[in-house]
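The structure under discussion appears below in the form of structure tokens.
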Amino acid sequence: MSQINESAIRDVVTEVLSQLRASGTIAKTPAILSGTGRHGVFADAETAAAAARSGFEQLSKKGWAGRAKVVEIIKSMCTANAERWGKIEFDETRIGRLDHKIAKLLGIKNVLGTEYLKPYGMSGDAGITMDDSAPWGVIGSITPVTHSIPTISGNIVNMVAAGNAVVFNPHPGGAKCAAVAIHEFNEVIKAELGITNLICTVESPTIESFNELCASKNVNLLCITGGPGVVDAAMKTGKRALCAGPGNPPVVVDDCSALDFDKVARDIIFGGGFDNNLLCIGEKQIFGVGSAYQKTIDAFKRQGAVLLTQQQTEAIKKEVFDIKDGGGGCSHAVINRKYVGADAAVLARVAGLTIDPKVEMLIAETEADDLFVEEEQMMPLLPIVRTGTFEEAVQLAKKSEHNYKHSAMVHTMNVSNMTRMAQAMDTSIFVKNGPCTAGLGMGGEGYISFSIATTTGEGITTPRTFTRFRRCTLVDQLNLF
Ligand code: NAD
């Protein structure tokens with residue numbers, strides 16, 4: 001059957017269905033609309049958005065209790081299914097580490113829900129005013145392949161807590177596992193609350209379905225989590241977009257005799273090695289100040305990281321970056337996706353090196369303008385750069401971050417150095433003396449989100465990020481005293 005015939009038939013079916021619904025012949029919100037028979041999983045973005053609109057209306061009738069119940073369902077299902085869903089995501093994407101995929105799903109319980117939304121009330125001689133947070137309606141969400149089910153789950157908790165429904169256009173490389181989780185979420189939400197299609201997804205997402213979602217009148221707001229390409233594309237749609245864009249987080253190790261360099265190495269291996277460096281907040285390049293440079297390298301070796309020779313580093317670089325001719329004498333590096341999130345042992349093998357498969361991190365001594373420093377390479381291979389002073393380290397760290405305003409880390413006991421670097425970096429997340437994950441509540445205080453709206457400035461997303469500010473004023477002498 002040709003594409004044209006398919007779409008003509010779909011139009012006729014949609015028209016007939018809408019007439020039947022209008023006449024009350026069939027229920028306004030069928031439980032399942034997808035050809036696959038799966039809850040919330042649709043062939044195209046417009047049908048998914050229309051179904052989510054109905055999901056939003058159903059949720060609105062359930063009040064705060066309904067939102068809180070959905071949040072509870074998502075959190076408890078992520079905990080209960082962490083192992084199974086972690087495995088299906090790992091099997092589909094083939095990137096990162098299974099144990100860390102499971103850990104990310106277990107972390108969904110720390111995403112903020114309805115409790116975070118508090119109205120702000122004012123009472124005085126002129127009456128009463130309430131500032132409150134209203135839902136947008138339907139949110140179109142674009143998610144990355146690096147954390148498919150965790151980003152979807154975290155988004156749902158934040159967005160539904162704020163009273164919204166959501167339609168996903170996931171990364172094609174993680175769309176199957178996304179559809180499994182979304183189907184299962186909807187199944188339980190329907191059983192517990194009677195709401196259908198609160199969470200929808202496009203079964204086989206494409207750039208066309210992205211465009212369709214962005215253009216849909218049923219979608220009120222976009223939430224974009226991904227690299228520079230998709231952020232750029234979303235900002236051009238004209239629809240309001242919250243953009244959780246790329247990062248390239250540097251870590252500075254200060255020349256500070258009071259530092260425990262073994263702890264520094266452990267923190268960097270944990271944060272930068274988490275899910276084989278797939279985290280957008282993950283340490284991506286290290287700047288060692290003065291004697292801290294060698295002390296950090298020695299500590300890395302003691303803590304199980306493998307230090308590459310220059311020859312080995314070059315051999316890996318040649319394989320993981322393709323240099324493309326941009327024309328006019330310009331060239332740029334493109335990352336070979338085959339090695340994104342690969343194990344350290346796989347990268348080492350490229351250089352003819354056999355290492356223990358349990359090794360979590362490779363370390364390479366490089367200059368500040370090396371491709372491993374410049375590119376957000378998302379591999380468990382961290383370049384370390386020697387710097388003379390703390391000022392130089394911060395300057396190079398800032399340059400390597402490309403003004404993404406994402407994340408940065410420092411290890412120092414010098415408080416004024418902490419402050420100077422925090423001010424200079426101006427990143428959404430800044431961690432002092434801990435792994436990057438501490439900035440999202442893993443090893444540090446605070447809550448987690450898998451969408452950090454760096455580009456548009458909202459930062460770590462919370463339910464409030466997905467609300468419209470609304471004020472209601474009652475003019476009279478109604479204050480209580
Ligand atoms: P990606 O940019 O390749 O894909 C992200 C999403 O955008 C996917 O759904 C993809 O299908 C879509 N997409 C990509 N290009 C598009 C285009 N031109 N038009 C429409 N849609 C497009 O990124 P990825 O490899 O899946 O994820 C890694 C990237 O995401 C890294 O840059 C990382 O820093 C970033 N990220 C950021 C955050 C954050 O919170 N700021 C969180 C996770 C990942």
Side-chain angles (χ1 to χ4, degrees), residues 45 89 92-96 101 104 107 111 140-155 158 167-179 201-215 222-237 239 241-250 272 274-284 334-342 374-379 401-402 404-408 427-429 436-437 439-440 448-462 465:
E89 178 159 340
E92 182 182 3
T93 62
R94 304 308 304 170
I95 56 174
K101 302 235 175 283
K104 287 189 284 187
V111 176
S141 180
I142 313 300
T143 52
V145 71
T146 45
H147 337 284
S148 190
I149 304 180
T151 310
I152 280 164
S153 308
N155 276 184
N158 275 181
V167 186
F168 291 99
N169 197 61
H171 190 290
K176 288 195 180 71
C177 60
T201 190
V202 179
E203 186 169 27
S204 304
T206 57
I207 300 273
E208 287 70 36
S209 60
F210 164 85
N211 287 330
E212 204 183 351
L213 193 64
C214 294
L222 297 172
C223 177
I224 310 294
T225 309
V230 66
V231 167
D232 203 40
M235 301 274 246
K236 287 184 181 138
T237 62
K239 188 156 281 184
L242 307 168
C243 296
N248 197 34
F274 197 92
D275 214 10
N276 285 343
N277 207 357
L278 289 183
L279 295 183
C280 57
I281 57 167
E283 289 87 346
K284 298 282 190 294
V334 175
I335 293 161
N336 183 345
R337 300 289 294 198
K338 186 172 144 194
Y339 294 103
V340 167
E374 289 283 307
E375 299 293 326
E376 187 199 18
Q377 31 95 359
M378 296 185 280
M379 296 167 204
E401 213 267 330
H402 305 303
Y404 288 143
K405 296 195 189 298
H406 200 300
S407 302
T427 45
S428 305
I429 296 178
C436 65
T437 49
L440 288 179
I448 193 171
S449 161
F450 285 90
S451 295
I452 302 142
T454 47
T455 319
T456 46
E458 294 81 3
I460 303 168
T461 55
T462 71
T465 315

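When reading the values below, keep in mind they use all heavy atoms of this one structure, side chains included, and skip hydrogens, waters and symmetry mates. Source: prediction; values computed, not measured. Each ligand, and each atom within it, is numbered from 1 in the order the structure gives.
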For this session: Would you mind running through ligand 1 and noting each atom that sits below 4.0 Å from a heavy atom of His406?
Result: 39 (C), 41 (N)
Exercise. For ligand 1, which atoms have a heavy atom of Ile207 less than 4.0 angstrom away?
Worked result: 16 (C), 17 (C), 18 (N), 19 (N), 20 (C)
Problem set entry | Backbone or side-chain N or O of Thr143 under 3.5 Å from ligand 1 N or O | yes
For this session: Using side chain to side chain contact (heavy atoms under 4.5 Å, CB included) as the criterion, list what pairs up with Ala244, not counting sequence neighbours.
Result: Thr225, Ser451
Exercise. Looking at His147 and Asp275, what are the two nearest heavy atoms and their distance?
Worked result: ND1-OD2, 4.5 Å
Seminar exercise, completed: Counting from 1 in the order shown, the ligand 1 atoms closer than 4.0 Å to a non-hydrogen atom of Ile142 are 6 (C), 7 (O), 9 (O), 12 (C)
Seminar exercise, completed: atom 39 (C) of ligand 1: of Gly247, Ala244, Gly459, Ser428, the nearest heavy atom sits on Ala244
Exercise. Hey, is Asn169 one of the residues with a heavy atom under 4.0 angstrom from ligand 1?
Worked result: yes
For this session: Return the set of residues passing side chain to side chain contact (heavy atoms under 4.5 Å, CB included) with Ile207 (not counting sequence neighbours), or none when no residue passes.
Result: Asn211
Exercise. So which of Lys284, Glu376, Glu283 actually passes side chain to side chain donor-acceptor pair (under 3.5 Å) with Asn277?
Worked result: Lys284
Exercise. Would you say Gly227 has any N or O atom under 3.5 Å from an N or O of ligand 1, going by distance alone?
Worked result: yes
Exercise. Any idea which atoms of ligand 1 are less than 4.0 Å away from a heavy-atom of Pro172?
Worked result: 11 (O)
